[in-house]
J.: 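Starting off with a structure, shown below.
Counting starts at 1 for both ligands and their atoms, following the listed order. The structure displayed is predicted, hence computed values, not measured ones.
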Amino acid sequence: MLSLLLLSCAVAQAYAISPLSWEQAYTIANTTVANLTTSEKLGIVHGVGQFSSRCVGDTTAVERLGLPSLCMNDGPAGVRLTNGVTGFPPGINAASTFSRRLMNARGVALGQEYRGKGVNVYLGPTMDLSRNPKGGRNWESFGPDPYLSGEAAYETVTGVQSVGVMACAKHYLANQQEHWRYGLDSIIDDRTTHEMYHYPFLRAIEADVSSVMCAYNRVNGTSTCHNADLIGANGLLRNDGFKGFVVSDWGATHDSATDNANAGLDMEQPGDWILIGGGVYSPGLQSALGDGSVTEETLNGMVSHILAPWYRLGQDSDYPSPNFDVQNPDGSGDLNENVNVRTDATTALVREIAAASTVLLKNNRTDTSRGLPVDASTVKKVAIIGQDAIMPRKDCGSGATYGLNQCNEGTMSIGWGSGSNSLEFIVPPVDAISEVVNGTATVTTSLSNDIDDAKKAAAGQDVCFVLANAMSGELGFYFVVEGNMGDRNDLDLWYKGGSMIEAVASVCSNTIAIVHSVGPVSFSWSEHPNITAIIYAGAPGEQTGPGLADVLFGARNPSGRLPFSIADNEDDYGTEIIYNSDGFPEIEYTEALLLDYRYMDSQGITPRYEFGYGLSYTTFEYADFSVAASGDGQSISFTVANTGDVAGTEIPQLYLGFPEGAGEPPRLLRGFEEVALEAGASSQVEMALTARDLSIWDTVSQSWVRPSGTYKVYVGASINDVRLEGSF
Ligand SMILES: *[C@@H]1O[C@H](CO)[C@@H](O)[C@H](O)[C@H]1NC(C)=O
Ligand SMILES: *[C@@H]1O[C@H](CO)[C@@H](O)[C@H](O)[C@H]1NC(C)=O
Ligand SMILES: *[C@@H]1O[C@H](CO)[C@@H](O)[C@H](O)[C@H]1NC(C)=O
Ligand SMILES: *[C@@H]1O[C@H](CO)[C@@H](O)[C@H](O)[C@H]1NC(C)=O
Ligand SMILES: *[C@@H]1O[C@H](CO)[C@@H](O)[C@H](O)[C@H]1NC(C)=O
Ligand SMILES: *[C@@H]1O[C@H](CO)[C@@H](O)[C@H](O)[C@H]1NC(C)=O
């Protein structure tokens with residue numbers, strides 16, 4: 001908060017564009033294509049090289065026709081490899097808000113910063129489902145549930161593109177673990193593909209997403225970037241109406257130019273060979289045109305796919321050029337203009353998302369001096385404990401590993417790898433908490449994870465905030481962090497965080513445990529009677545400290561919900577990461593539709609904290625349930641009342657039970673709403689179930705089909721806290 005005041009903010013940017021129809025955009029794109037020479041077309045369909053580009057990916061400009069070099073940049077949680085930008089909360093915390101409003105606002109704010117830096121393509125959102133809780137990049141995306149992920153993908157794409165920036169949905173398809181990712185082969189049946197892993201991409205297509213990034217791995221034996229069943233003219237994406245371009249993940253072209261172009265790959269990035277693959281379109285595509293194995297017509301289609309979304313979003317008029325240079329991420333060099341694209345409004349928004357994604361797991365408020373919220377005006381002795389409270393190390397990497405945040409020293413606000421973001425303006429918890437009680441309480445700190453020191457600091461305090469974390473990230477050649485090669489090795493808190501929390505609780509009867517993590521961790525200590533409150537804060541981005549303090553001291557009533565289940569054993573999730581293999585493994589997705597709560601539900605496993613769970617400082621009651629047919633869908637209505645003493649936000653959720661014999665898991669998320677209520681107020685909530693929401697993917701007819709029979713509807717505060725139910 002002190003640091004917030006020190007920000008010098010750029011002018012507020014408010015853009016809103018009116019997109020063309022796809023038809024209009026293609027008409028213009030086709031005309032341009034007809035005017036391009038073959039070599040100009042070739043320059044548009046591949047990058048210029050990893051070490052000669054000012055963005056993470058760039059194409060070659062055709063100046064005589066006003067076509068700029070397209071600038072594509074990581075993402076997805078803020079513009080990477082530059083300064084003067086916001087470190088946004090990553091996808092998993094956007095999901096944790098269960099708020100379409102905040103998901104969309106995050107997208108708009110991201111889009112404004114990409115536009116302000118002159119980026120044409122935002123390389124996000126990441127929407128790979130978290131198949132196993134230890135998957136290294138899970139935090140980039142929106143968790144294991146396809147419906148929640150689909151809504152988050154839709155809102156993010158809509159928000160980003162509303163300011164004229166092209167979004168790039170990734171990684172298509174079945175990119176669920178880091179070990180062996182450059183060639184592992186995911187074997188997934190058709191129904192599972194449609195209902196699970198493809199579903200968020202379907203929602204991105206419905207948001208008119210401009211591009212899709214194919215992945216490093218194979219699906220059914222064929223690299224995704226050369227897999228016509230996925231990306232071809234009659235593949236899954238195009239059949240669902242995808243109109244933009246397919247771009248390879250960086251170096252994910254493992255086959256020839258002919259293979260990739262004929263399968264549907266429109267653009268290769270970064271253009272050159274980068275150890276894991278790449279460099280096939282230049283010069284391979286020219287030779288393929290020469291020998292006729294790729295036709296000029298195919299090339300024309302590739303270029304149209306790239307230019308149409310560019311025209312559609314109005315990037316042909318008044319779009320800023322890149323003003324930064326990823327080759328000099330510190331802002332040095334002739335190309336960096338050091339434009340500060342931050343705004344006060346965006347800082348306030350990411351603080352709000354940090355707070356709104358905070359999940360209150362336990363609050364044993366036997367009296368007002370115990371548990372949460374802490375009254376800053378009466379508390380006298382406060383301890384802040386744990387390395388996770390402090391300013392993170394910002395320089396763990398240089399050269400090719402710069403800006404990847406591949407270390408975990410200090411507070412964990414985002415994972416490592418290309419999906420990480422800028423820590424330039426991060427406000428750590430210790431600063432934000434200290435500031436709230438500055439002048440009214442004495443603050444004792446123990447900011448290592450040393451257990452003896454932690455106990456010393458905790459003894460005799462009114463309240464002990466103890467922070468611990470777990471982290472994961474992207475696998476690269478050099479990103480092994482504390483022995484974790486991208487995917488986590490286990491579900492433990494790092495640096496003996498669980499033991500530290502228990503040690504603090506053994507001497508402090510008002511211990512508030514705060515966990516920052518990329519996904520589920522062990523909470524074996526949660527029942528300790530001296531642990532009065534537990535906060536799961538996830539990976540909150542740069543306003544981590546202020547967002548947390550807002551919840552701890554009651555400025556914001558927590559409303560975050562778990563976007564996954566937290567179970568005690570990894571076995572409770574029913575999937576595994578393949579760590580050891582003799583060469584690239586085949587991974588069969590035999591669990592099919594049964595991820596996370598769907599698996600636990602089907603096995604009768606009650607997790608420690610279930611999907612959708614999260615407490616509030618107030619209480620809510622549900623009533624007046626009704627279900628009615630509405631067109632070819634159903635309309636559900638009920639009221640939610642705030643029956644406590646303070647204002648708060650409830651997140652009612654709708655779970656659907658399909659007719660018996662439909663082959664679906666027992667209950668599936670099919671609706672959620674954010675309902676803000678003053679104390680004593682109530683509100684009517686409507687949720688619509690569309691025909692597709694009521695359907696399964698029918699492999700015979702290759703369409704969504706509604707099974708006949710009785711459906712059950714469960715409405716409540718989490719999957720295991722059902723308050724209303726009915727059937728139709
Ligand atoms: C654009 O060209 C493609 C062939 O590359 C064609 O299929 C499509 O119908 C054209 N669209 C418009 C709107 O002209
Ligand atoms: C080239 O572009 C112009 C508009 O700039 C257009 O009128 C013309 O039809 C295009 N040429 C071809 C061969 O399509
Ligand atoms: C992969 O193979 C399975 C089994 O044959 C099939 O059901 C599925 O549709 C295939 N997926 C794709 C994307 O081709
Ligand atoms: C406490 O407040 C004083 C006076 O405003 C200020 O100088 C100091 O930096 C603050 N300390 C913290 C930890 O916020
Ligand atoms: C709880 O904390 C008190 C110190 O306030 C300590 O005496 C007691 O042993 C602790 N209880 C447990 C179960 O550790
Ligand atoms: C809640 O606090 C009371 C009073 O200290 C204690 O007896 C009880 O065990 C605690 N419950 C939990 C679940 O920690």
J.: For Thr193, is at least one N or O under 3.5 Å away from an N or O on ligand 3?
T.: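 The answer is no, given that Thr193 and ligand 3 share no N or O pair closer than 3.5 Å.
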J.: May I ask you to list the atoms of ligand 3 that are less than 4.0 angstrom from any heavy atom of Asp189?
T.: 7 (O)
J.: Atoms of ligand 3 less than 4.0 Å from Asp229 heavy atoms?
T.: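 Under 4.0 Å from Asp229, ligand 3 has these atoms: 14 (O).
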J.: Under a 4.0 Å N-O cut-off, is there an ion pair linking Lys496 with Glu502?
T.: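 No, Lys496 and Glu502 are not salt-bridged.
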J.: Measure Thr27 to ligand 1 on non-hydrogen atoms and call it side chain, backbone, both or neither using the 4.0 Å cut-off.
T.: both
J.: Have a look at ligand 3 and work out which part of Asn220, if any, has a heavy atom under 4.0 Å from it: side chain, backbone, both or neither.
T.: side chain
J.: Listing request: all disulfide bond (SG atoms under 2.5 Å apart) pairs with a residue in residues 197-262, at least two apart in sequence or in separate chains.
T.: Cys214-Cys225
J.: So, using side-chain contact (heavy atoms from CB on, under 4.5 Å) as the criterion, who are the partners of Ser21 when residues are at least two apart?
T.: Glu23, Gln24
J.: What is the ring orientation for Phe201 with His198, classed by angle as parallel under 30°, tilted 30 to 60°, or perpendicular over 60°?
T.: parallel
J.: In Å, rounded to the nearest 0.5 Å, how long is the span from OH of Tyr147 to CD of Glu151?
T.: 4.0 Å
J.: For the backbone of Pro146 and the side chain of Ser149, can you confirm whether one donor and one acceptor N or O come within less than 3.5 Å of each other?
T.: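 A pair under 3.5 Å: no.
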J.: Against ligand 3, does Leu236 come closer than 4.0 Å with any heavy atom?
T.: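 The answer is no: ligand 3 sits nowhere under 4.0 Å from a heavy atom of Leu236.
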J.: Report yes if Asn300 has an N/O atom closer than 3.5 Å to an N/O atom of ligand 1; otherwise report no.
T.: no
J.: What atoms of ligand 3 come within less than 4.0 Å of a heavy atom belonging to Leu230?
T.: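 Under 4.0 Å from Leu230, ligand 3 has these atoms: 13 (C).
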J.: Protein residues near ligand 5, heavy-atom distance below 4.0 Å?
T.: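 The answer is Ala505, Ser506, Val507, Ser509, His528, Asn530, counting any residue whose heavy atom sits under 4.0 Å from ligand 5.
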J.: Could you list which atoms of ligand 1 come closer than 4.0 Å to a heavy atom of Glu23?
T.: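 Listed by number with element, the hits are 13 (C).
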J.: Restricting to pairs with a member in residues 444-459, which pass salt bridge (Lys or Arg N to Asp or Glu O under 4.0 Å), not counting sequence neighbours?
T.: none
J.: Would you kindly specify which portion of Glu297 sits under 4.0 Å from ligand 1, judged on non-hydrogen atoms: side chain, backbone, both or neither?
T.: neither
J.: Using 4.0 Å as the upper bound for N to carboxylate O, is an ion pair formed by Arg365 and Asp375?
T.: no
J.: Salt-bridge test for Arg131 and Glu591: reply yes if a basic N is under 4.0 Å from a carboxylate O, no otherwise.
T.: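 Yes.
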J.: Can you tell me if Tyr589 and Gln176 form a side-chain donor-acceptor pair at under 3.5 Å?
T.: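 Per modelled atom types, Tyr589 and Gln176 side chains form a pair under 3.5 Å.
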